[in-house]
Amino acid sequence: MQYRELGRTGIKVSEIGIGGEGFENKSYSECESIIDCALNNGINFFDFYNSNPDVRSNAGTALRRYPRSSFVIEGHIGSMWENGQYRRTRNLEEIADAYENFLTRMQLDYVDIGMIHYVDDERDFDGILEGGIMEYARKLKTAGIVRCLGISTHNPDIAMKAAESGFIDVILFSINAAYDMLPASEDVDILFEESTFNNRTYEGIDPRRSLLYQTCQGVGVALAVMKGYAAGVLLDDSGSPFGKAMTPVQCLHYCLTRPAAASVMVGAANTDEIFAALAYETAADAQKDYSTILANAPKHAFHGHCMYCGHCAPCAKKIDIAAVNKYLDLALIQKSVPETLRDHYSLLEHHADECIACGQCMKNCPFGVDIIGKMCQAAALFEK
Ligand code: SF4
Ligand code: SF4
């Protein structure tokens, strides 16, 4: 395993890290096997955006079997659990309670990176910087509860502001070959317009993103990468905007060859997915090479593609939107819905037909997904 400096923090992290999504809906022993596989193969970097108390307790119990110095944790500030669901909060009291809960359940005396959670909006960013949230985060740092501060965002403008703020040492940012080619005029709300990839020849990396990576490198702000596989879309011939699937190794190489990139946080649901990422460490240069794939002009739009990130929560009817969308997408690539998939869907606590079309979730989706339409489609497909 290769280790990289996490920007100016003085922390060293494995270039392959583990994101929190793979720990969701898992038993303790499944969480333990992910953590054991990661640590035993040299992965020392974990991002926990999760507010689910079971995930926190499982991960904490599994990690405490290892010396604290053997792993580096990103713990999200502003991710909370309410009525059995994740919710992002900007309420200081809720933030403090949720972080206390994180530390207790994770059995941590300190967190390496206190990550201010999911900031895609300029007003939100300014509110955090000028208001009590940044003050709270800095108090945590002064008290030694967090070692340094980070921010998670999908928006290059927010990431640039964070890099230039002087307060933020690590940015958890969505990077992959598809996102990077989006033109400079796009902001996060219109990233995935139908026209984005149509009739466009590949023009290299969006200069704004390129400038962001260079700026981060220049000021010593590290990039921890999320969405390195674009939630699996890049791994699929039909989904990839390049008309051809990339391998996990090629995706990882793309991310790790961006300036300032320290680690790619892979959302591994099982040990096979960890090993698929670990293959990067022993891959030959020819296996890492992604240039032939990028040479294909992207023609497909990403608009409406669910990345299964869960940012749309909470749902007014407690539907696990990311899970419904995942099952729907899986079903749509088959001729008929397999019984196993129908079973998985039926085991969900709340189903798509409960959607009341309130639209609350759509305001939270950074990828412009027509969630109400997806719920209708899922209900029609799974519940007929
Ligand atoms: S529109 Fe449907 S899925 Fe979205 S929050 Fe409302 S009930 Fe939930
Ligand atoms: S609908 Fe949007 S916010 Fe929800 S999981 Fe999909 S991409 Fe994420």
Side-chain angles (χ1 to χ4, degrees), residues 19-26 49-52 54-55 79-89 117-118 120-121 154 174 178 188-196 226-227 229-233 235-236 238-239 241 267 269 300-384:
E21 55 266 51
F23 296 102
E24 291 287 342
N25 303 313
K26 294 285 187 333
Y49 70 85
N50 318 66
S51 57
N52 186 326
D54 292 338
V55 172
S79 167
M80 68 171 285
W81 192 248
E82 185 180 63
N83 298 324
Q85 294 187 86
Y86 150 86
R87 176 158 75 79
R88 176 177 56 172
T89 177
H117 179 64
Y118 183 18
D120 274 358
D121 177 85
H154 308 83
S174 42
V188 76
D189 295 325
I190 55 168
L191 268 180
F192 304 104
E193 290 291 344
E194 286 292 340
S195 59
T196 299
M226 58 175 163
K227 305 282 185 285
Y229 304 155
V233 171
L235 306 179
D236 178 70
S238 60
H300 304 292
F302 264 57
H303 181 74
H305 283 261
C306 180
M307 312 302 282
Y308 320 126
C309 61
H311 287 324
C312 43
C315 161
K317 301 304 281 183
K318 298 193 178 180
I319 300 166
D320 183 341
I321 296 165
V324 170
N325 282 346
K326 193 180 279 185
Y327 295 148
L328 175 63
D329 290 346
L330 279 171
L332 289 175
I333 56 173
Q334 328 238 10
K335 285 197 184 93
S336 62
V337 183
E339 273 316 303
T340 46
L341 196 53
R342 205 177 279 284
D343 279 352
H344 281 306
Y345 177 84
S346 70
L347 287 173
L348 291 172
E349 216 167 308
H350 295 274
H351 296 100
D353 65 342
E354 294 173 58
C355 173
I356 51 169
C358 64
Q360 177 185 309
C361 52
M362 291 179 56
K363 293 189 199 121
N364 292 334
C365 174
F367 300 108
V369 174
D370 171 17
I371 299 172
I372 296 173
K374 294 260 181 206
M375 292 304 112
C376 291
Q377 209 180 352
L381 198 67
F382 289 113
E383 292 163 34
K384 62 186 175 195

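- The distance from atom CD of Gln377 to atom CG of Asp370, rounded to the nearest 0.5 Å, is 9.0 Å.
- The minimum heavy-atom distance between Ile321 and Cys361, with the atom names listed, is CD1-CB, 3.5 Å.
- Minimum interatomic distance between Ser346 and Asp343 (heavy atoms only, all atoms of both residues): OG-O, 2.8 Å.
- Scanning both residues, Val324 and Ala352, for their nearest heavy atoms gives CG1-CB, 4.1 Å.
- Nearest heavy-atom pair, Cys312 versus Ile371, reported as atom, atom and distance to 0.1 Å: CB-CD1, 3.7 Å.
- Of all the heavy atoms in Glu24 and Asn52, the pair that sits closest is OE1-ND2, 3.3 Å.
- For the atom pair OH (Tyr327) and OH (Tyr345), the distance works out to 10.5 Å, reported to the nearest 0.5 Å.
- At a threshold of 4.5 Å between non-hydrogen side-chain atoms, the residues Met362 and Ile372 count as touching.
- Residues Tyr49 and Met226 are not in side-chain contact: their nearest non-hydrogen atoms beyond the backbone lie 4.5 Å or more apart.
- Between Asn25 atom CG and Asp54 atom CG the span is 9.5 Å, to the nearest 0.5 Å.
- Listed here is the closest heavy atom pair of Lys318 and Gln85: CG-NE2, 3.2 Å.
- Pro314 is listed as a side-chain neighbour of Gln360, based on a closest heavy-atom distance under 4.5 Å.
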